[in-house]
S.K.: 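I'd like to ask you about the structure that follows.
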Amino acid sequence: MNATILELTDIRKHYTNGDTTVRALDGVSLRVKRGEFVAIMGQSGSGKSTLMNIIGCLDRPTSGSYKVLGREAANLSPDELASLRRETFGFIFQRYNLLATATAGENVAIPSVYAGLPKHKRTTHANELLQRLGLDDRTDHRPSELSGGQQQRVAIARALVNDPPVILADEPTGALDSKSGDEVLALLKKLHAEGRTIILITHAENVAQHAGRIVRIQDGRIIEDTGMVNDDEPVENLAADSRSFESAVSLMASMEEALVTAWRSLRVNIFRTILTLLGIIIGVSAVVAMLAVGEGSRQKVLDRISSFGTNLMLIRPGAAGIRNTGDIATLVPDDAAALKALPNIAAALAERGGRATVRLGNIDYQTSVQGTGEDFPSARDWPVAEGQFFNTDDMKHYAAVVVLGRTVTKTLFPDGANPVGKYVLLKNVPFLVTGVMTEKGASPNGSDQDDVIFVPITTGLVRLFGKNYLSSITLKVTDAADIEATQTNVETLLKERHKTEDFSVRNMASFLQAAMETQDTFTLLLGTVAAISLLVGGIGVMNIMLVSVVERTREIGIRMATGARMRDILLQFNIEAAVVCAAGGILGILIGIAAGLVLRYSGMAVIFSVAPAVLAFACASATGLIFGYLPARKAAQLDPVIALASE
Ligand code: ADP
């Protein structure tokens, strides 16, 4: 004799709507033994579905006791109920309740996903079941490609996949033609013969006749039971056998399922997804492109500054902050000489420049003439290629000597002859060429640095410029780390000599720092733009996920009925949001790189770096997790009965 596995005692389910109370179940007591085939019969509205939902642990009664395998259902947590639905019951519904986007095989496998079966076992098992039910050639078809009878057989396979002892069938033939209906009933009988407990709900007498025991229900009460189980019969008690609810395997399986579902729903709604992601795509691509441009411009500034040298200091006439209009006659060569005597000063170049025409034979060429000191090549790190730079003697004796830049050399000596030792005319005075500079190339701002002639500053002031004051003094310090202290000394000395602060001193290190600070501000600005767009994007994602939860309420119900825990649903929707956002992040990065490449092509300095892309991607994914949480929680907290009943 088999023992009782389901035991309902005085179960009531009342629905209150304003003043009226509907007693859907009004004191139902029922015991079902293992291996029974019970038909619960009654007219529409008699309370059959309500009873079925309570037996299947999809719904909780208003009052009364319900024991499954000896365990009181009222005492179980939602996750323990999910586990009962997964391992004890297999559901068959009138309207099949298959997931429309999943194939027959995938639909069958869903309960085993939540039971934590590894993927290959799930697939083989599902295929075996489909084969048994004569659907082996339909494994990869979606529900819309199957007939009603075939869909119901898929649903039966799904109900069997976790090998549950009890099959609950709610009007399984209600939507089928009589032939398919008979097939389904034959199947149920076969399952019963194999030892399963079958509970069949129907309003049709001829269907109920297939069962061994008929329980008639009317207005929420049992009016007839053809196979009442006596109270003194044994009760099966499996309370001790509490299977573990949380296994790492089932978490993995559930994540896998979540990823697949996420990818699918993303593809199905591709246009909507892209619209939703626009905020994130724009944000991420803007960050990637703008940071690349920022990095490019920063590098450009850095190059320009360091090509001048970070161990250099520049003194200009005129007080700092006051616009330099015309010539200011304050800096003189003696200042340079005095500064040179200060500690930590390696070189002091007195400088003045101007434009002049240089002539050789019948070639006239307008170029820049720079008067400077003999230390110029070492101070500016710009060596001579041929001959020599002028020396201290040349400086002292106002020698008429010049050193040519490359461009000037090429213009005056197009045949490639060596200019050293030749004479060129500047203001009709012959100057001896003592050397030729190495090629320096274009400056970062595009001007040709080799288009220049260097003369001793002494000679220049007297013979070429006709003035005895300087346009700048360039100082080179020995130890760049001490540049700030040295600058203070320089300022003190000059103030002493001039009796007033009619000059300004700038060092390249401070330029560098200013440039860095500008860059930091720029980065902060970009960060803010990115944060705002991710916020806007995140709200968009949250919005669409909330819509998606509403749209897919039924799917959630089906998953819950087939054993998904709250955790699984939470995970599914959260992963979905994260996947969507991550996809947006990747798209954003690609678009950002494309935009950067276009800008580079149009001549901008663009330098891509990995960090911003990684950061933007991580932020986008995190946005998905954060903004996906609320909709996911909403989904997870849905009541399975209500979710299943939704259209
Ligand atoms: P059956 O499955 O036999 O057609 P149901 O169990 O669906 O009957 O319903 C039994 C009674 O309970 C009906 O009168 C129905 O209107 C009522 N009922 C069912 N669900 C709800 C609900 N969620 N809210 C209010 N009344 C309900």
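One-based numbering, in listed order, for ligands and for the atoms of each.
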S.K.: Is it the side chain, the backbone, both or neither of V22 that has a heavy atom closer than 4.0 Å to ligand 1?
M.R.: side chain

S.K.: Just go through G45, S49, A645 and tell me whose heavy atom is the nearest to atom 10 (C) of ligand 1.
M.R.: G45

S.K.: Any atom of ligand 1 sitting under 4.0 Å from a heavy atom of N17?
M.R.: no

S.K.: Considering only non-hydrogen protein atoms, determine which one is nearest to atom 27 (C) of ligand 1 and report residue, atom name and distance to 0.1 Å.
M.R.: Y15 CD1, 3.2 Å

S.K.: Hey, which atoms in ligand 1 end up nearer than 4.0 Å to a heavy atom of Q43?
M.R.: 3 (O)

S.K.: Going from CD1 on I40 to CG on D225, what distance comes out if it is rounded to the nearest 0.5 angstrom?
M.R.: 9.0 Å

S.K.: In terms of residue, atom name and distance, what is the protein heavy atom nearest to atom 12 (O) of ligand 1?
M.R.: A24 CB, 3.3 Å

S.K.: Establish, from distance only, whether the side-chain atoms of N97 and R158 form a donor-acceptor pair under 3.5 Å.
M.R.: no

S.K.: Flag atom 15 (C) of ligand 1 as yes if some protein heavy-atom distance to it falls below 4.0 Å, otherwise no.
M.R.: no

S.K.: How long is the straight-line distance from CG of L176 back to OH of Y96, given to the nearest 0.5 Å?
M.R.: 4.5 Å

S.K.: Looking only at side chains, do S254 and D568 share a donor and an acceptor under 3.5 Å apart?
M.R.: yes

S.K.: Numbering the atoms of ligand 1 from 1, which are under 4.0 Å from a heavy atom of S44?
M.R.: 4 (O)

S.K.: Taking atom types as modelled, find out whether Q572 and R559 have a side-chain donor-acceptor pair closer than 3.5 angstrom.
M.R.: yes

S.K.: At the 4.0 Å heavy-atom cut-off, does G42 count as touching ligand 1?
M.R.: no

S.K.: Between S180 and Q152, do the side chains contain a donor N or O and an acceptor N or O under 3.5 Å apart?
M.R.: no

S.K.: Answer yes if the ring centres of F91 and F93 are under 6.0 angstrom apart, and no otherwise.
M.R.: yes

S.K.: Say whether G47, considering both its backbone and side-chain N or O atoms, lies within less than 3.5 Å of an N or O atom on ligand 1.
M.R.: yes

S.K.: Got E183 and R153 here, is their nearest side-chain heavy-atom distance under 4.5 Å?
M.R.: yes

S.K.: If we set the cut-off at 4.0 Å for heavy atoms, which region of M52 has an atom near ligand 1: side chain, backbone, both, or neither?
M.R.: neither

S.K.: Considering only heavy atoms, which of L25, T20, T50, D170 lies nearest to atom 9 (O) of ligand 1?
M.R.: T50

